[in-house]
Amino acid sequence: MRSIWKGALTFGLVNVPVKVYSATEDHDVSLHQVHNADGGRIRYQRICEIDGEVVPYADIDRAYDDGDRTVVLTKDDLASLPSERSREIDVVEFVPSEQIDLLTLDKAYYLEPDSSSPKSYVLLRKTLEQTDRTAIVRFSLRQKTRLAALRVRGDVLVLQTLLWADEVREAAFPSLDESVRISAKELELSASLVESFSSDFDPAAFTDEYQEELRTLIEAKLEKGDALDTSETFGEQADTDGGEVIDLMEALRASVERSRAARGGSSGGGGSASRSSDDADEDGGSEKSSAKKSASTSTAKKSPTKKPAAKKSAKAS
């Protein structure tokens with residue numbers, strides 16, 4: 001794993017240097033869009049509404065619109081905010097673990113000790129374990145102030161961001177206000193049914209059936225020869241002074257595919273779908289969006305002779 005952030009946990013006079021890692025990853029097969037008539041790639045571009053030109057991502061700033069006026073915020077403007085420059089994870093309070101509403105739990109991160117001695121890290125971990133407390137912390141990451149729960153998972157401290165109170169909708173359903181009578185017999189039978197399904201939860205026992213079936217379908221199409229040479233899905237590129245602009249990664253991938261096709265003939269076949277390289281986000285970047293990629297959606301190649309192993313899903317508790 002690659003750390004996405006470095007900082008220090010602070011509570012009182014205790015300072016715990018840590019590295020932050022994304023604790024989860026998406027196992028879905030990455031798919032891109034094509035024209036159903038000829039299989040050509042569908043590209044998404046950021047186009048300026050004033051001059052109609054394609055704008056490189058590096059030349060894009062943020063802006064706030066109040067309806068009548070627009071305030072442009074440059075990268076330097078955002079970087080100047082005090083919270084953005086902070087590299088500390090401040091412990092606000094320690095609360096009973098059962099008080100954390102599961103509905104508010106969001107993105108999870110692993111924390112690794114980032115010092116010559118992990119003593120302060122282990123001390124905090126053992127303290128949380130013995131007191132059965134969860135630390136509520138605040139920190140800044142990618143231009144956002146985050147509220148998070150710091151808890152223990154095995155031997156690792158886990159930082160799990162929390163939704164803010166105003167981000168959780170109220171469940172206001174009039175039907176729940178109706179008076180309903182439940183008999184003792186009905187409750188007894190319901191409890192009996194629950195008991196018949198009772199078990200210890202094992203996340204590894206569950207798999208994502210849709211993704212398994214999707215991978216099987218893709219493999220079957222590859223074995224059947226129902227695939228295009230990837231290089232054929234790229235149209236001819238116009239001159240850079242006025243036509244469509246292709247990004248560097250896409251150009252390199254297209255070149256590699258053409259080279260492979262020239263060397264291996266038909267044995268190169270088509271490529272199976274795989275995870276997009278844009279998933280450095282978080283979560284490698286807060287700007288990632290599958291529907292708004294800067295020049296085009298990009299996919300990495302997998303060998304058609306190797307059947308992808310279905311990954312098992314673990315639902316967050």
Side-chain angles (χ1 to χ4, degrees), residues 2-7 20-22 25-26 28 30-35 39-87 106-107 109 139-146 161 167 230-259 271 273-301:
R2 179 173 60 87
S3 66
I4 63 171
W5 193 80
K6 287 186 179 182
V20 180
Y21 301 81
S22 290
E25 61 183 0
D26 187 357
D28 289 359
S30 181
L31 304 176
H32 59 262
Q33 295 182 330
V34 296
H35 186 193
R41 296 287 182 99
I42 303 298
R43 301 186 184 281
Y44 292 90
Q45 297 175 321
R46 294 177 171 87
I47 299 176
C48 176
E49 293 188 2
I50 295 178
D51 57 26
E53 293 184 359
V54 176
V55 182
Y57 181 73
D59 295 339
I60 295 178
D61 284 330
R62 303 286 192 87
Y64 171 77
D65 174 17
D66 67 359
D68 297 318
R69 298 165 299 174
T70 294
V71 177
V72 176
L73 301 170
T74 68
K75 296 177 180 63
D76 290 338
D77 288 334
L78 296 174
S80 69
L81 297 176
S83 294
E84 175 65 13
R85 297 197 303 270
S86 174
R87 309 298 290 180
D106 198 15
K107 181 70 177 178
Y109 301 89
F139 67 106
S140 295
L141 179 65
R142 298 192 181 94
Q143 301 172 355
K144 284 187 178 181
T145 299
R146 319 274 179 148
T161 56
E167 293 181 309
T230 299
S231 62
E232 295 178 358
T233 67
F234 298 102
E236 293 183 6
Q237 300 303 312
D239 295 335
T240 57
D241 58 355
E244 185 178 21
V245 180
I246 187 170
D247 66 13
L248 179 59
M249 288 299 294
E250 204 68 81
L252 290 173
R253 288 193 176 107
S255 298
V256 170
E257 288 303 318
R258 291 191 181 98
S259 176
S274 66
R275 189 170 308 283
S276 167
S277 64
D278 285 336
D279 196 12
D281 133 76
E282 254 281 64
D283 304 51
S286 63
E287 307 306 327
K288 174 203 166 197
S289 171
S290 61
K292 298 181 179 178
K293 297 190 178 177
S294 62
S296 63
T297 54
S298 57
T299 54
K301 298 272 112 13

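Counting from 1, the numbers follow the sequence of the chain as shown.
Counted by atom type alone, D77 and S80 present zero donor-acceptor pairs between their side chains at under 3.5 Å.
Under the side-chain contact (heavy atoms from CB on, under 4.5 Å) criterion, D51 pairs with C48, E53, sequence neighbours left out. Under the salt bridge (Lys or Arg N to Asp or Glu O under 4.0 Å) criterion, D61 pairs with K75, sequence neighbours left out. By the side-chain hydrogen bond (donor to acceptor under 3.5 Å, both in side chains) test, S3 is found to be paired with no residue, residues two or more places apart in sequence or in another chain being considered. Checked against side-chain contact (heavy atoms from CB on, under 4.5 Å), D59 has the following partners two or more places apart in sequence or in another chain: V55, P56. Judged as a salt bridge (Lys or Arg N to Asp or Glu O under 4.0 Å), and not counting sequence neighbours, the contacts of D66 are R69. For D106, the side-chain contact (heavy atoms from CB on, under 4.5 Å) partners are T161, L163, not counting sequence neighbours.
Smallest separation of non-hydrogen atoms from S140 and T145: OG-OG1, 4.0 Å. The shortest heavy-atom contact between T70 and A63 is CG2-CB, 3.7 Å.
Between R46 and I60, some side-chain heavy-atom pair lies under the 4.5 Å cut-off.
To the nearest 0.5 Å, the span separating CH2 on W5 from CG on L141 amounts to 7.0 Å. Put simply, CZ on R87 and CZ on F139 are 11.0 Å apart, with the number rounded to the nearest 0.5 Å. The line from OH of Y109 to CZ of R146 is 5.5 Å long, rounded to the nearest 0.5 Å. With rounding to the nearest 0.5 Å, the separation of OH in Y21 from CZ in R2 is 10.5 Å. To the nearest 0.5 Å, the span separating CZ on R43 from CZ on F234 amounts to 6.5 Å.
Judged purely by atom type and a 3.5 angstrom limit, R62 has no side-chain atom pairing as donor or acceptor with the backbone of V72.
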Intermediate values then yes/no, side chain to side chain contact (heavy atoms under 4.5 Å, CB included), H32 and I42: CA-CA 8 Å; H32 59 262; I42 303 298; over 6 Å; no

